[in-house]
Number of protein chains: 2
Amino acid sequence: MTPATPAISSRDLPHPAREEIRLEAVLHALADPMRLRIVRELAADGDELSCSHFALPVTKSTTTHHFRVLREAGVIRQVYRGTAKMNGLRRDDLDDLFPGLLDSVLVSAARQAARLGTG
Amino acid sequence: MTPATPAISSRDLPHPAREEIRLEAVLHALADPMRLRIVRELAADGDELSCSHFALPVTKSTTTHHFRVLREAGVIRQVYRGTAKMNGLRRDDLDDLFPGLLDSVLVSAARQAARLGTG
DNA sequence: CTCCTCGTACGGTAATCCTCGTAGTACGGG
DNA sequence: CCCGTACTACGAGGATTACCGTACGAGGAG
């Protein structure tokens, strides 16, 4: 049989608790173009995207690095599912701590992208 | 006669035009604790504050550096008035480019400060 | 078991950043 | 003209960051 979703691996990744998330860290995480792009895709395509789904113009090592920064800042949640690592925005936590912040960043990024003709 | 406000000096400081302001640069500027503190004070006390008004726990050289980062990112506008340099938030430009962003950052910072018992 | 894919860990390089101290400039007042 | 105040410019140290290449581990498919 072919389970739709492979079992979640026992490998666990360190995430900050909700109360440990710092605004400065979140802003710093979102300030990088590559990471902002990742967050925008996560917000647009829904959450549950594997790392390899993103075709970033950097190597896999660097991609891993950026995902780690986002996770340690509390912006995304990562979970192993078989060999894949699924990524999801921590919308609930972020909206609770920083109401409106994520949305305004996403809107701002979209507006700027439209203004500059970049995706 | 004693003019209430000394003449604005001819020394001009380079500011990015509204269309040149980049979201990534703004987020990066706001991601530093010292600069976030400056922006919060500017938003609270109104704009027209001199650099020396801020009692930051760093030297004046470092303070100058942070103000420059904020100015070059398009977050604040600086103008010489006599020997003093007055600083003001570029609220209109920021709100036009990134609606809601500055406010949500300010609210988030205030909430976090209250939560952590830090000013 | 073997291969392939996905992602990590490690090590290294170049760039950026925060901080400082010192020296210097612009401006206003006596 | 001289001095004090406000801020800058320059140079440098130390930390962090972004990026890469290579080597490795974990898990599914044959």
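Just so it is clear: chains get the letters A, B, ... in the order the sequence lines come, proteins before strands, and each one is counted from 1. Please read all numbers here as calculations on a predicted model, not as lab measurements.
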Rounded to whole Å, please give me the gap between CG in B/D12 and P in C/dC27. 12 Å
Can you tell me if A/R35 touches the phosphate of D/dA18, counting only side-chain N or O atoms and a distance under 4.0 Å to OP1 or OP2? yes
Within the structure, does a side-chain N or O atom of A/T83 lie under 4.0 Å from either OP1 or OP2 of C/dG7? no
Touch class at under 4.0 angstrom, heavy-atom based, for A/S50 against every strand present: sugar-phosphate
In whole Å, I'd like the distance from the CG atom of A/L70 to the P atom of C/dG7. 15 Å
Check whether A/L89 and A/V107 end up in the same hydrophobic cluster, where Ile, Leu, Val, Met, Phe, Trp and Tyr are linked by side-chain heavy atoms less than 4.5 Å apart. no
Hey, what do you get for CG (A/L13) to CZ (A/R77), rounding to the nearest 0.5 Å? 11.5 Å
Between CE of A/M86 and P of D/dA26 the distance, given in whole Å, is 21 Å
Got a list of side-chain donor-acceptor pairs under 3.5 Å for residues 97-104 of chain B, not counting sequence neighbours?
from: B/D103; atom 1: OD1; to: B/R91; atom 2: NH1; distance (Å): 3.4
from: B/D103; atom 1: OD1; to: B/R91; atom 2: NH2; distance (Å): 3.2
from: B/S104; atom 1: OG; to: A/S104; atom 2: OG; distance (Å): 3.0
from: B/S104; atom 1: OG; to: B/G100; atom 2: O; distance (Å): 3.0
from: B/S104; atom 1: OG; to: B/L101; atom 2: O; distance (Å): 2.9

Hphob cluster co-occupancy, A/V75 + A/V69, side-chain heavy atoms under 4.5 angstrom: no
Interatomic distance where CD belongs to A/Q78 and C1' belongs to C/dC6 [whole Å]: 13 Å
Can you tell me the distance, in whole Å, between the CG atom of B/D32 and the C1' atom of C/dC17? 9 Å
Whole-Å gap separating P (D/dC7) and CZ (B/R81): 13 Å
Do B/H28 and B/R35 touch side chain to side chain, with heavy atoms closer than 4.5 Å? yes
Tell me the interatomic distance from B/L13, atom CG, to C/dT25, atom P, rounded to whole angstroms. 18 Å
More 5' along DNA chain D: A/T62 or B/K60, using each one's nearest nucleotide? B/K60
Hey, are A/R115 and B/E19 close enough for a salt bridge, meaning a charged N less than 4.0 Å from a carboxylate O? no
Is the phosphate of D/dC19, meaning OP1 or OP2, less than 4.0 Å from a side-chain N or O of A/H66? yes
When the distance from CG of A/L36 to C1' of D/dA18 is rounded to whole Å, what number comes out? 16 Å
5′-ward residue of the pair A/T59/B/T63 relative to DNA chain D: B/T63
Would A/V79 end up clustered with A/V39 when hydrophobic side chains under 4.5 Å apart are linked, directly or stepwise? no
Which is true for A/H53 with a 4.0 Å heavy-atom rule: it touches a base, it touches only sugar-phosphate, or it touches nothing? nothing
Short N/O separations, protein against nucleotides 9-12 of chain C, under 3.5 angstrom:
from: C/dA9; atom 1: N6; to: A/S61; atom 2: OG; distance (Å): 3.4

